[in-house]
Amino acid sequence: PPTFIWSSDSLEPDYVIRIFTDTTIDLQDTLADTTYTMSDSVFENLSNGTYNWQAGTVVFNGVLLSETRSFIVDKPPPPLDLDTTYFPFGLGYEWCYEKKELFSEGSEDTIAINVVDSFWIDNTFFFKLEGGSFFDVGNSVEIGDGKIKAFDETINLLPEEQSSYLWIQYYGDTLYMFTGDEPYPDYWEDWSVYRIKAIGLIHQIYYWQDVYENTSGGDRYSLLWFYNGQDTVWKAD
C-alpha cells in the first residue's frame with residue numbers, strides 16, 4: 001500500500017486526504033499529521049488503474065484542498081493453481097494447429113492461435129485470442145473462482161457433470177470434455193476436447209449433422225507446436 005506525504009500548515013492542525021477516480025471517492029479521512037499510509041484492507045479493494053488524490057486543511061467553512069495528483073495501482077495477479085486451470089497465462093503464447101475439415105479430401109490447413117491481450121479483474125483472468133477459435137471457448141477465455149467459461153457454460157474445475165449433455169473427466173494432467181446437443185429435431189452437433197495442464201487444447205473435434213438435409217461436417221484441431229515467445233514449449237510426436 002502507498003504512503004502519501006504533503007506539506008504542513010502550522011496554522012491548521014487537521015488535514016484531509018481524498019483518494020478518488022473520475023466518478024467515485026474511494027477514501028476520505030481526517031488526520032492530524034501530514035502523512036497517510038493506506039491500510040491493507042483499502043488497498044486490497046482497489047482494482048488496477050489510475051487514481052487521483054488530494055490533501056487539504058480543515059478550515060472554518062469546509063476543506064481547502066490541494067492540487068490533484070495521481071498514482072497507479074498495478075498489483076500482480078494472484079496465484080492460481082495450474083493443476084486446475086489448463087490454460088497458459090499472459091501474452092506471447094501461440095498454438096500452431098493442423099486443422100482438417102471432416103469428410104473433405106485435401107482440406108487441411110495450418111493455423112496459429114495466439115494471445116493478443118490478457119488482464120485480470122477481481123481475481124478473474126481474461127484472455128483475448130486471435131487467428132482462429134476453439135469451439136469450447138470461442139475467441140476469449142475467462143478463468144476465476146475455480147470456474148471456466150466455456151461454450152456458454154460455466155464449468156467448475158472439478159471432475160463433475162455440469163449438465164445433461166456435458167461431461168468432464170480428468171486423467172492425470174489431461175482434461176477431457178464432451179458435449180452432444182440436439183437443438184432441433186433434425187440437427188445434431190457435438191464436440192470433444194482434450195486439454196493438457198499448462199499447455200491448453202491439444203486435440204478437438206467438432207461435428208454437426210443435418211438429418212433432414214442429409215449433410216454433415218465439422219473440423220478437427222490437432223496441436224503441432226506450442227510456443228512461448230520464440231521458445232517451443234511442446235511439440236507433437
Point-to-point distance, once rounded to the nearest 0.5 Å, from [atom1] of [X] to [atom2] of [Y]:
| X | Y | atom1 | atom2 | answer |
| --- | --- | --- | --- | --- |
| T174 | R195 | OG1 | CZ | 12.0 Å |
| K197 | L175 | NZ | CG | 12.5 Å |
| T35 | I17 | OG1 | CD1 | 9.5 Å |
| T110 | K99 | OG1 | NZ | 11.5 Å |
| K100 | D109 | NZ | CG | 11.5 Å |
| L102 | Y206 | CG | OH | 11.0 Å |

Between [X] and [Y], is any pair of side-chain heavy atoms under 4.5 Å apart?
| X | Y | result |
| --- | --- | --- |
| M177 | W191 | yes |
| D117 | F126 | no |
| W95 | L223 | yes |
| Y15 | D33 | no |
| D14 | T57 | no |

Please report the shortest heavy-atom distance between [X] and [Y], naming the atom on each side.
| X | Y | result |
| --- | --- | --- |
| E213 | D210 | N-OD1, 3.0 Å |
| E101 | D219 | CA-OD1, 3.6 Å |
| H203 | S222 | ND1-OG, 3.5 Å |
| P1 | M38 | CB-O, 3.2 Å |

N48 (side chain) donor-acceptor with K75 (main chain) under 3.5 angstrom
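Flag set: sc N48 to bb K75 pair under 3.5 Å.
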Sub-3.5 Å donor-acceptor pair from the side chain of Y97 to the main-chain atoms of L201, do we have one?
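Indeed, once roles are kept as given, a pair shorter than 3.5 Å links the two residues.
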Of F226, Y227, W234, F127, which meets ring-ring contact (aromatic ring centres under 6.0 Å, His included) against Y93?
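Testing Y93 for a ring-ring contact (aromatic ring centres under 6.0 Å, His included) against F226, Y227, W234, F127 leaves exactly one candidate, F226.
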Is it the case that Q54 and S66 place a side-chain donor and acceptor less than 3.5 Å from each other?
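Distance-only check fails for Q54 and S66.
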Are there over 12 heavy-atom neighbours, none belonging to Y176, within less than 6.0 Å of that residue's OH?
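Atom OH in Y176 is packed in, count exceeds 12.
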Contacts of F4 that satisfy ring-ring contact (aromatic ring centres under 6.0 Å, His included) - sequence neighbours left out:
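Partners of F4 by the ring-ring contact (aromatic ring centres under 6.0 Å, His included) criterion, ordered by chain and then number, come out as W53, F71.
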Students often mix this up, so state it plainly: with edges at 30° and 60°, are the rings of F103 and Y207 parallel, tilted or perpendicular?
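F103 and Y207: perpendicular rings.
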Evaluate the salt bridge (Lys or Arg N to Asp or Glu O under 4.0 Å) criterion for residues R69 and E67: first the C-alpha distance (whole Å), next the side-chain angles of each, then the deciding distance (0.1 Å), finally the verdict.
CA-CA 7 Å; R69 297 192 178 185; E67 66 184 69; 3.5 Å; yes
